[in-house]
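Heads up: the structure comes next, in structure tokens.
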Amino acid sequence: MELSVRKNDLLRELQLFQGIVERKNTIPILANVLIKANGGGDIQLSATDLEVGLRSRCPAAIVKAGSLTIPAKKLYEIVRALPDTDIRIEQGPKGAVKVEAERFNSQMQTLPREDFPTLPEPGDGATIALSRAVFREMVTKTQFAITGEDTRYFLNGALFILKPDQMDLVATDGHRLALVTAARGETNDKVDDEIKAILPKKTLWELARLLVDGEGDVRYERGENHLFFEVDGRLLISRMIDAQFPAFEKVIPKGNDKRIEFERDRLTGAIKRVALLSSERSRAVKFQIEKNKVEVTSSSPELGEATEVLAVDYTGEPLQICFNAQYVLDFLGVANTEAVSLEFKDEMSQAVMHPVGGDGFNYTYVIMPMRV
């Protein structure tokens, strides 16, 4: 195989593969990207960790058709360091690959193309169009609430529910829950019944990267064991989590009778400042709620204590409720409204946070108080 490709074209694609390839995987070939040059004006690149895979294309001048694998991270580092010029990639003798540009010459040892696993292919089922902007926002508002370490397999992903007129994405780590509901909007792709799938955490992170730039819709297909997302001609392939997601509706409290509105930026700043003196282990901040004010406080035996007072509209009974500061900040960082609300019942029951004022999404964030 021999080809020539522009540095920026190749770099753009290789960047998207860096989160997928596994440098320390026990299967060495999974650290490589597969490059296929079958003629025409582009090459196909593929990588997988057996859970998540990505396939994309890149414009290239193909001198000799063929295919090869090459270490993905090392190729990315080399391409990134080269000047803006044409890069030549050529299959050399004895399993070597030459990468050259201007006066730069390199030769990397690689692994046989035959060792690279076959990626699943989309079926003949109909794909469904998802609004790119809406889906990107849904991913942003939920991905941080997925646990990455829980032995309960179903919590290592987010539940995606596609309905005839709306779509839901929900994630929980057992201490908090993020639920986003959005209208599907005008589309010719009809959904007759609910289509449910648990998307692994890594899949959501890779989707977030793919959705950053561009304008076209996302094409979604649910296969028997895999999910397929086509974004700008790139295909993200994800194994489904085969598990029963918890009945999240039961976690959302219905009897919270107390409510406070905060200026989002003001609350964010107060928590960031006060949390600097919180316990590094618990990250606990207390909300001392009284008439028309909330004192945000923290303390730790090693560091000291801090307090900041926020003026609010509240006339209910005094109450003290404690939260993990990072959990609250995660929500505030993606709530794109000037004000947010906190709804609660007492010191020990689940509290709920919402953005105040519409941004096109029904966003519910349930957070468990801490016992300190």
Side-chain angles (χ1 to χ4, degrees), residues 140-150 155 171-179 201 251-357 359 363-372:
T140 300
K141 291 181 186 300
T142 54
Q143 61 182 358
F144 58 81
I146 305 173
T147 181
E149 304 165 357
D150 205 295
L155 293 187
T172 180
D173 61 7
H175 304 287
R176 52 173 169 177
L177 179 145
L179 167 64
K201 182 175 186 175
V251 177
I252 302 171
K254 302 292 192 290
N256 287 3
D257 55 355
K258 302 175 181 66
R259 184 177 186 274
I260 299 175
E261 283 192 16
F262 296 92
E263 291 181 40
R264 182 172 67 95
D265 290 346
R266 186 83 177 82
L267 179 60
T268 301
I271 292 175
K272 284 182 177 179
R273 288 184 285 269
V274 169
L276 293 172
L277 293 184
S278 66
S279 164
E280 292 186 10
R281 185 180 61 84
S282 69
R283 295 281 288 161
V285 294
K286 294 178 184 176
F287 284 34
Q288 183 65 49
I289 302 168
E290 299 176 13
K291 183 179 180 181
N292 293 332
K293 74 172 184 178
V294 173
E295 288 188 11
V296 183
T297 68
S298 72
S299 63
S300 67
E302 306 85 15
L303 300 172
E305 59 187 36
T307 301
E308 186 158 340
V309 179
L310 301 175
V312 297
D313 184 8
Y314 178 75
T315 56
E317 293 294 318
L319 188 74
Q320 179 177 281
I321 190 166
C322 184
F323 298 113
N324 180 303
Q326 191 56 54
Y327 289 178
V328 181
L329 290 174
D330 285 341
F331 166 79
L332 295 174
V334 297
N336 301 324
T337 54
E338 292 186 3
V340 296
S341 67
L342 173 67
E343 299 168 2
F344 53 97
K345 179 180 178 183
D346 52 42
E347 295 92 337
M348 305 310 301
S349 303
Q350 299 103 306
V352 180
M353 300 189 77
H354 293 285
V356 175
D359 60 354
Y363 187 22
T364 300
Y365 189 66
V366 181
I367 181 170
M368 288 295 298
M370 299 177 69
R371 294 177 173 87
V372 292

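Keep in mind it's a predicted model, so treat the numbers as computed, not measured. Basis for what follows: all heavy atoms, side chains included, without hydrogens, waters or symmetry-related copies. Nothing fancy with the numbering, it's 1 onward along the sequence.
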Roughly how far, to the nearest 0.5 Å, is SG of C322 from CD of E347?
11.5 Å
Looking at K286 and A284, would you say the former's side chain and the latter's main chain have a donor-acceptor pair under 3.5 Å?
no
Quick check: does any side chain N or O of N324 sit under 3.5 Å from a backbone N or O of M368, one acting as donor and the other as acceptor?
no
Between the CD1 atom in I289 and the CD atom in E295, the distance rounded to the nearest 0.5 Å is 11.0 Å
Between CG of L267 and CG of L342, what distance do you get to the nearest 0.5 Å?
8.5 Å
Could you pull out all residues at least two apart from S349 that satisfy side chain to side chain donor-acceptor pair (under 3.5 Å)?
D346
Heavy atoms, side chains only, cut-off 4.5 Å: are V294 and Y314 in contact?
no
Non-hydrogen side-chain atoms of Y363 and V334 separated by less than 4.5 Å
yes
Do M370 and S282 come close enough that some side-chain heavy atom pair is under 4.5 Å?
yes
In Å and rounded to the nearest 0.5 Å, what is the CD1 to CD distance from I321 to Q288?
11.5 Å
Sidechain-backbone polar pair: N292 side chain, D313 backbone, donor-acceptor under 3.5 Å
no
Could you check whether any side-chain N or O of T142 sits under 3.5 Å from a backbone N or O of A178, counting only pairs where one atom can act as donor and the other as acceptor?
no
Determine which pairs satisfy side-chain hydrogen bond (donor to acceptor under 3.5 Å, both in side chains) with at least one residue from residues 327-338, sequence neighbours left out, and list them in order.
E137-N336, R176-D330, Q326-D330
Above 12 or not: heavy atoms from other molecules or residues under 6.0 Å from NZ of K345?
no
Inter- and intrachain pairs under side-chain hydrogen bond (donor to acceptor under 3.5 Å, both in side chains), touching residues 260-274, at least two apart:
R259-E261, R266-E308, R273-E308
Ring geometry between F287 and F262 (parallel below 30°, tilted from 30 to 60°, perpendicular above 60°)
perpendicular
Measuring from atom OH of Y365 to atom CG of L179, what distance do you get when rounded to the nearest 0.5 angstrom?
13.0 Å
Say you draw a straight line from CD of E280 to OG of S300; how long is it, rounded to the nearest 0.5 Å?
8.0 Å
